[in-house]
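Notes follow the structure.
A, B, ... follow the sequence lines: proteins, then strands. Residue 1 opens every chain.
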Amino acid sequence: MSTRLANQGRLIDRSKQVTFSFNGTSMQGYEGDTLASALLANDQMMMGRSFKYHRPRGVVASGAEEPNALVGLGQGNRFEPNQRATTTELFNGLTSISQNHWPNLEFDIGSINTHLSRFLPAGFYYKMFIHPKPFWKHVYEPFIRQSAGLGKAPDKDNRDADTYEHFYHFTDVLVIGGGVAGLQAAKVAAASGAKVMLIEQTAHWGGRAPVDGGTINDEPVDKFVEQLVSELEAMDNVTMRNRCMGAGVYDHGYVLGYERLTDHKPGTQGPRHRLWRIRAKQVVTATGAIERPLSFAGNDVPGVMLASAMRDYVVNWGVTPGDRVIVATNNDDAYRTAIILKQAGVEVLRIVDARTTAGPLADEARQLGIQVDPGKAIAKVKGGKRVKKVELCNQEGIGGAREEVECDAVAMSGGWSPVVHMWSHCGGKLIWDEAQAHFRPDPSRPPLGADGEGFVLAAGSSNGPLALGDVLTDADAAGKAAAKAAGFTAKRTKAPVGETTAEAPMAAVWLMPANAEIGLRMKSWLDFQNDVKVSDVQLAAREGYESVEHTKRYTTLGMATDQGKLSNINGLAILADALDSEIPKVGTTTFRPPYTPISLASIGGEARGEVFQPIRQTPMHNWHDKNGADWEPVGHWRRTYAYVRPGESVHDAVNREVKNTRENLGLLDASTLGKLIVKGPDAGKFLDMMYTNMMSTLKVGKCRYGLMCSENGFLIDDGVVARIDEDTWLCHTTTGGAERIHGHMEEWLQTEWWDWKVYVANVTEQYAQVAVVGPNARKVLEKLNAQAGGGMDVSKEALPFMEWRDGKIGAFDARAYRISFSGELSYEIAVPASQGQAFWDALMDAGKEFGVMPYGTECLHILRAEKGFIMIGDETDGTVIPQDLGLHWALSKKKEDYLGKRAHTRSHMADPDRWKLVGLETVDGSVLPDGAYAVGEGVNANGQRNMIGRVTSTYYSANLGKGIAMGLIKHGPDRMGEIVEFPGTDGKTYKAKIVDPIFYDKDGEKQNV
Amino acid sequence: MSEPISALNHASFEGIAKVEECGLQGMITLRGDLSDKALAKAVKDATGQKMPGQREAFVEGESGVCWMSSDELLVLVPYAEVDAKLAAMTKTLSGTHSLAVNVSDARAVFRVSGTSAREVLGKIAPVELSAEAFQPGQIRRSRLAQIAGAFWMDDTETFRVVCFRSAADYAFNLLKVAAQPGSEVGIY
Amino acid sequence: MLILNCPYCGVDAEETELAAGGEAHLKRYGPGSSDDEFHDYLFMRENPKGVHFERWRHANGCGKWFHAARATDTLEVFGTYSAQTTEPPQEIREAITAKRPGWTWREFE
Amino acid sequence: MKHYSAFAVAREALRYHTGWERAWRSPEPKKKYDVIIVGAGGHGLATAYYLGKNYGIQNVAVIEKGWLGGGNTGRNTTIIRSNYLQDPSAALYEKARSLYEDLSQDLNYNIMFSPRGVIMLAQTQHEIRGYQRTAHANALQGVKTEWITPERVKELVPIINLDGPRYPVLGGLWQERGGTARHDAVAWGYARACSAMGMDIIQQCEVTGVRQENGRVVGVDTTKGAIDCDKLGIVVAGHSGQLAEMAGFRLPLEAVALQALVSEPIKPCMDVVVMANTVHGYMSQSDKGEMVIGGGTDAYNNFTQRGSFHHIEETVRALVETFPMISRLKMLRQWGGIVDMTGDRSPILSKTPLGGCFINAGWGTGGFKAIPGSGWGMAQLMATGHSPLTEAFTMDRFKEGRFIDESVAAGVAH
Ligand SMILES: Cc1cc2nc3c(=O)[nH]c(=O)nc-3n(C[C@H](O)[C@H](O)[C@H](O)COP(=O)(O)OP(=O)(O)OC[C@H]3O[C@@H](n4cnc5c(N)ncnc54)[C@H](O)[C@@H]3O)c2cc1C
Ligand SMILES: NC(=O)c1ccc[n+]([C@@H]2O[C@H](COP(=O)([O-])OP(=O)(O)OC[C@H]3O[C@@H](n4cnc5c(N)ncnc54)[C@H](O)[C@@H]3O)[C@@H](O)[C@H]2O)c1
Ligand SMILES: Cc1cc2nc3c(=O)[nH]c(=O)nc-3n(C[C@H](O)[C@H](O)[C@H](O)COP(=O)(O)O)c2cc1C
Ligand SMILES: [Zn+2]
């Protein structure tokens, strides 16, 4: 059984007991435990079920590479599925549940799949469930999807209780990984004066070395680490972070660091995760190496574990996964596990070494009384939910002549693979190291940075060296090289001297026994989580899925939550063998970020809830909000759609506003309209290029409506332009247009006509702008003026239609434009934004006697539609040109050039068959459905109904008491009076007459009073 | 005129740094040839400051001048004086191809202060904010999470942050989140 | 996540401060140009797998447009330069030649 | 070709699956083919398949520089829908969607077409109008779509947050028979069927030149030598510009990176595909349980198959806001693909200035859903010189100012 040992446990504090629960059972652990070590200490060997066959799964590793021990962690709005028990620090009150089973972990209906596994090889679903066809949708797929997934989905109404944030950091050298290699590299890099950041994913510094033993500079490793850490902490130019994982390396030295701040103490004040966006001149990956499993039958039974992990459990947490252990290996390092277990009082039954010769560690093991079996292999592990016994055989051969040994745990080691993820994310290439049977970074093909030079260096075991001494010299050199590449001069210092027992060469063993018969191969797991076995990879190869990428996708090898950290190399070795090829030829799949999964919330950072996205507000925003505004998002702005009074529907409110504005007085907050100042000796010439009509001839004091097209000919914006003085114009844009058109102008000025003397400034937000509209508009202004004594003359004579004046309106400095988008007597009045609310209040107050009401954007739309005014975004959609809208009058014939002019001459744009703007009126007065299409005769070559037009705007006009609409109709202007049909999506067909688009006050008398 | 009101009317928040809306600040956008003597004179007259070089900000209290781009300055003057200063400036610049406009009301200004002020900004702007890289006397236009903004330092623990008035509410909430208690980064 | 040096304000700006503006050094064709010329001006882009010249704007910064010489296959940046020029400056071309002898782009090499 | 069925699997199981034959052969190139297709992505393979199936043209080679299906076909978010606005697009995508319905049976390869339904959320007035317009158009185009209320959205997607503080959900455009398919299987299924017809799929073979005589294509140069052909189809997505250059013409295309990501797998929680275009996010849950999430494109030319992380960020924060329960899920993997964008974001299916040479490109961010329809139309175009499906998608439309712009009604291309 797995138990807590009486001694050992360098990371736990036995004086601090911690209570936690697993599947509802309360358990005890110590501070410093991981959830995995604590579960093992409680003899909880089985921790979950595998994905496909629902096989019992126990912990196999001790760190980030763990594929099996995944739990649902926490509860309610702190519940998180698929959390690795091996990297979860234990805390008081932790709750966890195991995953992927029903009804429970011990007895799982889904485990029937393991008995059917023979019928469910890789890719079986591509070959099945094809007939009968209807079964797919109703039987097969629902079934497949029911069995999908691993962890429980969080509750649908779950609102994450935590906050998250980002942080931008800039450093000369970033060292990823805080093992002895990372610490040493950081130290020498920092000694050069470079700014260094060192990040480590776990809560501890030192990595593997303190567990593996040996000495550094004749001191125990722990001591060396402690010293180095305090040295680094004392350096001003060094930033150290643990619980901070290097998640991904991206172009131009961008690295994501994933810092877990409160996962080990949930509920603490402050953000849960911080995503560091680090820019580093040089990145050193000192991410260590990961031990590989061995492929033998039953290597997935709970109790079979990586040798190094078993060693970690004993040394770091004082836990042994079993009482009677067998060690299987192809290298010397696993002997350390046997020795440590034995020294801790655990029975080590055998060391099964696939090689025929081992190094001095083997002698040490033998001296401790451990039986070493050279040339041997595990044929099969027996046991269901935990290891019961092991059948041993010769490594050579197919696995006959077996010897059975009873035991309760197996430690396996297939050699070590450098963690090359960070090296590879941004394009670093690998080479195959034949002696150690692993891929390691190819220093001649690093990822390239902005300057085209390599910006990542690997150090320590992540670069290939495995022996402590080599690791330290390598790291020392890498740290110095990184400092140099970042522009610093490294100090000439000696690397620390690491000493451990010398090791004999490992031997590549990809299958145990070497020629295992099919029955064994079908039980030899490669990918524990996704249930990919040796036989699956061989099947893929046989069926032509020969590329390693095909094999991956066909078998799902390496696609589980661990991303193949344990399985990939073993899998591609099997593939190479099946293809009769070589491992480096087969190559690896692509390493992609993140290194281990990171929370989606951390990626979003602070952008949630209130600050999810900016909401732009006008100076009168709060007033609108308090006065019934039904909000409409327009770009990032919020505008009032209508002011809804208690007891009113939105529709009622709109109708009321429409009528009142025509009959009395309406106020519109028009502050969002863009206002651009264009000034300079060449401003007139410039605006003549920007607008389709002539702006240079506009007289000072006057306004002109202008159209803008893109160079491609399409309408992009419109608005009223006012000439302020000899070389200054003020251009109004649509709400969405302010920044866009400002940018557009700057672009042309800076990149095409840079010798033109023009400056542009965006003054949109300097002003609050209010449209004062309706027959009483002048009266209210005059009243304000009278109240304050004097002011601007707003009479018809002093301020005629399409002119503007500066002056005082009431007590306010204002600029009044006599323009009208409603067809009524109308003034658009700009006051400083800081006066906006006061001005609005004054108008509301003075307007009472004139029947003032604020109105929203929908009313604005209806008023303009009654007048047949087009709206950018309604009548236009990016495919409409001025000619379509009957705006020929705004296309200057005098100007040789303006943006869009050339485009309009292309054959399709000059085509007389283009749909053209008309008014539409249903024969029964009802409202045409928005977006409806008019149909013509017959169908086209693709069998679609022929269409001859569409509705662009449609409203109920309370003033006219009927539906009115505008639309684009083929040959429309020539078809006045004709009836066209618009099939609705409601099954009805709407009949509408083609009419003039001006429905109200055709002669424009009302606006010009 | 009524009492002018700034976007957030002096709202404030205290977390790992203090965040305050500063109220109204007179601001003039001045575009022109920065090497032109007339411009230098206009700036000097309005603020007493010399022409700033690339990314320099010479600000004292409510007066000062910031380099905004190769042909643009932000001139700071007390809010009450902006009309007069602008008029004087326009006069000085008459005959010079330039543009001077009052943008005081188009902006919101925040003060972020305290020992963690650099960190608060470091969470929302993709800018190196270590003491070696950014100091009083410099200005940086950049991104504040999802909006454009500019900031300079009044002293080693105080930033002034400028953004568009319409985004003031977002900017304030953003700074509040970035300054939330318990969120010290411990870097600067 | 690219970083480009804005030649106007001299900062190394990361991509989120910038707006990409497509191919550089396009010659504008207006009224009077042929259909082919106008089409190529609007739509035909070099789209090379290799050395490229392109426009960027320091949008969340000084607001200025500038040019960058960049490789689209490795994202290496050879340099940035003023937008007020109709062709890549000599020193930029030399910098590219030093890194990638034999490069070509449109009529440049 | 050995027939795939549950029975066949059971029979093979008894032999430890040793009897399966290759899904596709791995032949050496012949001297000459009637037709060569460059690019063994979905579109190339489907083109070859329908050339054989519909026109009896089976002396065909599909030449692939890497591994078949390894381009964008193997890295897309698998959304299939046909609720496009413009007639030509609706026709093409609906043809594709309807072919997807029977594709598993047609190919005898389960491509797991899952018509689970696609919702495009309307979150602004502008989107409401755009989608209502699309619904009207679709009704006339023979595409079954429906405008639905927020309540119906919630019924279909219980995990959605209708009242996001920024953009409440105001309704949606619902296509019940839209959905997803297993992307790799689409490529594999077509490849297997092509191979079974005797076509040669030649992988690890890069086309390096296009040979021509008297204005007609006569063959290609490849890393495995020269190969002759009568007709050539260039179907290489992001690399179209390079191939066109070899063939002596230019294309109005630019290659940019588009990214996607998946979460860790969780138990089923979302049964439909949701696209939220205002906030730039879309998400579905795969049959394996991951949330499959699509991001935005970079605005600069890029051939690295990596993109800029801030697009991921933008997408993820939008989705966390739209589906709050995914906040504590984790991103498992992110990747990029190089997509080829045209001036109007619609594809090019066209004859070219080079006789006998055809181009199928410009699918940009949304061509997976089109694979069967595009293959069908392209085969017709290559075999007969004309196809109503491809007619509007010629490369000279840009010169005429005749664009097929789908973005107009608040729609997006993917
Ligand atoms: C992240 C992402 C998400 C997407 N999401 C969706 C979605 O949800 N729905 C949707 O409908 N679409 C989506 N798409 C788009 C879709 O993936 C593509 O439009 C589609 O797959 C294109 O298929 P293809 O066959 O044209 O190209 P590819 O699959 O890219 O195939 C082209 C092939 O040509 C080969 N090739 C290139 N050059 C040569 C040469 N010289 N010689 C030989 N071979 C060559 C390439 O190696 C490649 O295999 C997405 C794309 C991406 C990148
Ligand atoms: N003899 C053998 O066969 C053998 C094999 C392997 C390792 N070793 C020993 O292991 C030690 C290797 O030292 P080392 O420093 O190179 O490696 P290490 O494994 O000791 O340290 C690597 C550190 O990097 C961290 N890390 C990994 N990926 C990370 C990421 N993405 N972000 C942040 N942190 C990350 C790990 O948590 C770990 O602390 C030496 O003592 C060596 O002798 C020996
Ligand atoms: C729909 C879809 C689902 C995917 N699901 C997974 C998954 O569960 N696990 C995984 O590791 N990758 C998954 N991927 C990503 C692939 O592993 C791979 O990253 C992607 O196809 C791009 O290829 P590349 O990374 O090899 O360049 C998925 C991809 C797609 C398109
Ligand atoms: Zn700049």
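Heavy atoms of Asn946(A) lying under 4.5 Å from chain D are absent altogether. Heavy atoms closer than 4.5 Å to chain A are found nowhere in Ala187(D), neither backbone nor side chain. Looking at Ala191(D), neither its backbone nor its side chain comes within 4.5 Å of chain A, counting heavy atoms on both sides. Contacts of Trp147(D) with chain A are absent, with no heavy-atom separation under 4.5 Å from either backbone or side chain. Neither the backbone nor the side chain of Ala8(D) comes within contact range of chain A, judged by heavy atoms closer than 4.5 Å. Interface remark: Asp87(D) contributes backbone and side-chain atoms alike to the contact with chain A (heavy atom separation under 4.5 Å). Of the two parts of Leu275(A), only the side chain, counted from C-beta on, holds a non-hydrogen atom closer than 4.5 Å to a non-hydrogen atom of chain D. Neither the backbone nor the side chain of Ser535(A) comes within contact range of chain D; no heavy atom of the residue lies under 4.5 Å from a heavy atom of that chain. Both the backbone and the side chain of Tyr554(A) come within contact range of chain D, judged by heavy atoms closer than 4.5 Å. Contact annotation for Glu94(D): neither backbone nor side-chain heavy atoms come within less than 4.5 Å of a heavy atom of chain A. Using a 4.5 Å cut-off between heavy atoms, Ile111(D) does not touch chain A at all. Within the 4.5 angstrom heavy-atom criterion, only backbone atoms of Glu21(D) (N, CA, C, O) approach chain A. Contacts between Asp344(D) and chain A at a heavy-atom distance below 4.5 Å are absent for every atom of the residue. With a threshold of 4.5 angstrom between heavy atoms, His166(A) approaches chain D through side-chain atoms but not through N, CA, C or O. Contact of Met291(D) with chain A is not made at all, since no heavy-atom distance falls under 4.5 Å. Neither the backbone nor the side chain of Asn138(D) comes within contact range of chain A; no heavy atom of the residue lies under 4.5 Å from a heavy atom of that chain.
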For the pair Arg116(D) and Glu141(A), evaluate side chain to side chain contact (heavy atoms under 4.5 Å, CB included) and give the outcome as yes or no after the intermediate values. CA-CA 10 Å; Arg116(D) 56 184 67 182; Glu141(A) 202 203 0; 3.4 Å; yes
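A side-chain N or O of Gln83(A) and one of Lys330(D) form a donor-acceptor pair less than 3.5 Å apart.
Chain D forms the most heavy-atom pairs under 4.5 Å with one residue out of Gln613(A), Met909(A), Arg553(A), and that residue is Arg553(A). Chain D forms more heavy-atom pairs under 4.5 Å with one residue of Ala560(A), Ala601(A), Pro594(A) than with any other, namely Pro594(A).
Look at Arg22(D) and Glu546(A) and you find a salt bridge, because one of the NZ, NE, NH1 or NH2 atoms lies within 4.0 Å of a carboxylate O, short of that distance. For Arg133(D) and Asp877(A), the salt-bridge test passes: some basic side-chain N is under 4.0 Å from an acidic carboxylate O.
A heavy-atom distance below 4.5 Å is found between the side chains of Leu68(D) and His550(A).
What you find for Pro265(D) and Thr561(A) is that their closest heavy atoms are CD-CG2, 3.7 Å.
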